[in-house]
Participant: 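Got a structure for you, written out below as structure tokens; questions coming shortly.
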Amino acid sequence: MPIDHNATPATRALYDFLLRNAKGPTLFGHQDALAYGVNWKDFHEFRTDVHDVSGKHPAVFGWDIGKIGPRPSNLDLVDFRQMRFWMREVYRRGGINTVSWHANNFLGGDAWAVGTPTVAAILPGGSHHQAYRDKLELIAGFLRKVSSGPPDYLPVPIIFRPFHEHTGHWFWWGKPHASSAEYIRLWRFTVRFLRDEQQLHHLLWCYSTDIVDNETEYLEYYPGDDFVDILGLDDYHDVGEKEDTKRLTARLNMLVGLAERKGKVAALTETGYEATPKPDWWTQSLLKSIVADPVASRIAWALVWRNDNKQHHYAPYPEHLSAEDFKVFAANEEVMMLDELPVIYPQDKPV
Ligand code: BMA
């Protein structure tokens, strides 16, 4: 059961699928996959760079609500209305949506504006608590409108992954800038606000650290089993320039072991090698790290970051030097793309 006991049938079905599929292939995910590719940014109903390369779309689609507010688009210039449209399309095609949040600093600046006691300031009783509530209300309004569309307008399940990589120093909610007690209070407040006060019942809650060496480090800021559905890990470190696939395998082994003891889902929530300069990176680095160990291979999905331009992209595009290897990767039986997903969502009824 998800932590939300009133989760919609589709949300429960998604969670159930992720748990059941642990022993099955790993789903491939890509951030902003439908919004733009390395060589295109225009409105397409359903286009992704990885489909241009392999004829297959990702199974998991990542989005980000950073800078949600008065402007029409997010921090990476994805239009919020189009984002909602694409999330609906993903759902209609049986795929999975996950949303992260590069939240602006409530004391000024963006997500990377660090060194301020912002977490303390936005907690109940803090100087900027009302601003935080207002922002969450706005987010609730956005997420509520992510629906299946006519005729039923059923809520589309979303894996929500706020305040990620907090074990690092680069975001204002990161470890040097907030105590574990503060981070945990913030997380729990956020769950209660969106789930109980705003009555959003189509969210699965995903907690994701950056690289950590052991369970103790992983759990240092863990909000508790009643507040987390999915245990995530972001790891670019072990599959980049200083590659150490054994390290990634070991970290995934730790993550899956922990998740399974808690009866929860584990996922490699972000990974990739910027511009993928290694031609066989997909099969020899990413896939190898996952399948090297039967425990590690039980992660639910692996998501690579966005395809902004030729210097900053994590998935291949046609003519990229790793494109051929990506085709082999996408065809591998241990990897699941959109067209290989079983039916996840039941015939949902409006709630
Ligand atoms: C980073 C980069 C930035 C982007 C941010 C949020 O890794 O891709 O360009 O703004 O993620 O998507």
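All ligand and atom numbering here is 1-based and tracks the order in the structure.
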Participant: Testing the 3.5 Å rule here: is there a donor-acceptor pair between the side chains of N105 and T118?
Facilitator: yes
Participant: So that I can tick it off, tell me whether D308 and R306 are bridged by a salt bridge, with the cut-off set at under 4.0 angstrom between side-chain N and carboxylate O.
Facilitator: yes
Participant: State whether a side-chain donor-acceptor pair under 3.5 Å links S322 with K278.
Facilitator: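 Judged by distance alone, the side chains do not pair up.
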Participant: Please tell me whether N253 and D293 have a donor and an acceptor in their side chains that are separated by less than 3.5 angstrom.
Facilitator: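 D293 and N253 do have a side-chain donor-acceptor pair below 3.5 Å.
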Participant: For ligand 1, what are the residues with a heavy-atom contact below 4.0 Å?
Facilitator: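 For ligand 1, the contacting residues are L75, D76, H102, W112, W305, R306, H312.
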Participant: Is there a donor in the side chain of H129 and an acceptor in the side chain of R133, or the other way round, less than 3.5 Å apart?
Facilitator: yes
Participant: I'd like to know if the side chain of R12 and the backbone of A7 have a donor-acceptor N/O pair within less than 3.5 Å.
Facilitator: yes
